[in-house]
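One structure follows; several queries about it will come next.
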Amino acid sequence: MIGGLVAMTLDRSILRQLGQSRRSVVVTGTNGKSTTTRMTAAALATLGPVASNSEGANMDAGLVAALAAARDAELAALEVDEMHVPHVSDAVSPSVIVLLNLSRDQLDRVGEINHIERTLRGGLARHRDAVIVANCDDVLMTSAAYDSPNVVWVAAGGSWSGDSVSCPRSGEIIVRDGAGWYSTGTDFKRPDPQWWFDDTHIYGPDGLVLPMTLALPGAVNRGNATQAVAAAVALGADPARAVAAVSTVDEVAGRYRTVQIGSHTARILLAKNPAGWQEALSMVDKHGAGVVISVNGQVPDGEDLSWLWDVRFEHFDDTVVVAAGERGTDLAVRLGYAGVEHSLVHDTVAAIDSCPPGHVEVIANYTAFLQLNRRLQ
């Protein structure tokens, strides 16, 4: 971000100058921003050079640095923090805004979730010409996009519903009925999607059906890919070429990669909040040599780790589980109450080494993930 910080000090209008002349896609949400942005950039690259903050620096300085590094690119795929979307959109006038999901994320740093939804809703109201690619399975993102005149609805999935039990517009109860949902006493309900996916294919407007095989694991990434393809198609990309492009993404800033550490292979997953942990745990191979769960509690993680009690750790049975990280003791207490047999080794690399030889799954929150990657480098 250093180049962006210097540029913004010299000229506060630099983000507007760098962004206005491009066709941009802004990607936001609690989880999946970096992955979806990387996939969107890959799909847009079928049309021409793309500027993108591929390392995940998703506030103003990171955006300025990314745009300045690709001055000649007429396209941009920008990951943007949820609370920064309104003023970033005012600056760069995006052609497409992708809304992934909203859930609790570091309450002591980010704030209350319905406030974020209202802030997003207000920001979108100022950009009525933009195409909004919104996840209709997520109640809060549907609410943010609901009043926009040009919405492409995507059934991108939403297994976490703990933060949308009541309607963000009326306060009424949200009733879930299979894949659908609706707010009691109002006409607010899940829109019919124009894009959706299954285990083998992606489906789009006008009867579009294409096979989709991804390098990244999990249903959540199939949802991310579907929104990325929808965004690229909205800017004129060929659907088949866009699907082929997103299918090549196999690593996102160190996430999902498998590395050799001594006598172990380790796949590294990032999880930052209850919704993200639920998705990450669903991807874990519980039949390997072990699972290392590493948790810190620094400012970027949120110093309040009470969210650990919202994560379902109970499904580990015969798996070797090791609690690690600066807040490994907090995690160990949670695992104990979940009835999960585990050991405690605060150093993440040492925790991996404590597992039997073979493949180890490593799930880490934000700063624990960054520390591990620096160690591996």
Side-chain angles (χ1 to χ4, degrees), residues 31-32 34-35 38 55-56 199 213-222 247-274 276-298 301 305 307-308 311-377:
N31 294 306
S34 297
T35 300
R38 180 72 176 272
E55 296 302 314
D199 291 340
T213 302
L214 301 183
L216 296 181
V220 64
N221 282 319
R222 297 187 70 78
S247 299
T248 65
V249 175
D250 59 0
E251 180 185 324
V252 182
R255 305 166 200 189
Y256 305 108
R257 67 174 175 153
T258 299
V259 296
Q260 188 74 37
I261 304 175
S263 60
H264 302 90
T265 58
R267 183 173 65 158
I268 305 171
L269 304 174
L270 172 68
K272 298 179 288 187
N273 46 61
W277 278 92
Q278 178 170 290
E279 296 293 352
L281 289 170
S282 73
M283 301 178 195
V284 166
D285 178 5
K286 293 180 286 185
H287 304 292
V291 175
V292 172
I293 306 173
S294 185
V295 174
N296 285 356
Q298 299 180 24
D301 307 303
L305 294 190
W307 54 264
L308 283 171
V311 180
R312 287 194 57 80
F313 292 105
E314 282 81 359
H315 68 295
F316 290 109
D317 296 320
D318 301 322
T319 310
V320 174
V321 177
V322 185
E326 296 167 357
R327 300 288 287 273
T329 304
D330 298 71
L331 173 63
V333 172
R334 172 69 185 102
L335 292 173
Y337 274 90
V340 176
E341 292 289 336
H342 64 279
S343 57
L344 173 60
V345 181
H346 284 284
D347 181 274
T348 305
V349 174
I352 295 169
D353 189 56
S354 73
C355 295
H359 180 73
V360 176
E361 300 277 25
V362 182
I363 313 173
N365 71 345
Y366 190 68
T367 65
F369 175 86
L370 293 177
Q371 288 172 357
L372 177 59
N373 275 286
R374 292 190 188 108
R375 291 276 298 278
L376 296 179
Q377 289 169 3

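Along the sequence shown, residues carry numbers from 1.
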For V322, the option from V345, D353, T348 that meets side chain to side chain contact (heavy atoms under 4.5 Å, CB included): V345
Please enumerate all residues that pass side-chain hydrogen bond (donor to acceptor under 3.5 Å, both in side chains) together with E326, with sequence neighbours excluded. Q298, Q371
Report the distance from atom CG of N373 to atom CZ of R375, rounding to the nearest 0.5 Å. 11.5 Å
D301 side, atom CG; T367 side, atom OG1 - distance, nearest 0.5 Å: 3.5 Å
Do the side chain of H342 and the main chain of L335 share a donor and acceptor less than 3.5 angstrom apart? no
Would you say that I268 contacts V259 through its side chain, given a criterion of any heavy-atom pair below 4.5 Å between the two side chains? yes
Is there a donor-acceptor contact under 3.5 Å from the side chain of E361 to the main chain of D285? yes
Taking side-chain hydrogen bond (donor to acceptor under 3.5 Å, both in side chains) as the definition, give me every residue that meets it alongside D330, ordered by chain and number, with sequence neighbours left out. R327
Note: L308 and F313 closest approach over all heavy atoms is O-CE1, 3.7 Å
Got a second to check how far N365's CG is from L331's CG, nearest 0.5 Å? 9.5 Å
Does any non-hydrogen side-chain atom of V311 lie less than 4.5 Å from one of R334? no
How long is the span from the CZ atom in R257 to the CG atom in L269, to the nearest 0.5 Å? 12.0 Å
Do L281 and R312 have side chains that approach each other closer than 4.5 Å (heavy atoms only, starting at C-beta)? no
Rounded at 0.5 Å granularity, tell me how far CG in N273 sits from CG in N31. 4.0 Å
Taking only residues two or more places apart in sequence, or in another chain, which ones meet S263 in a side-chain hydrogen bond (donor to acceptor under 3.5 Å, both in side chains)? none
I'd like to check D250 versus Y256 (side-chain heavy atoms, cut-off strictly below 4.5 Å). Are they in contact? no
Do M283 and I363 come within less than 4.5 Å of each other through their side chains, counting heavy atoms only? no
Would you indicate whether the side-chain heavy atoms of N221 and E279 approach each other to under 4.5 Å? no
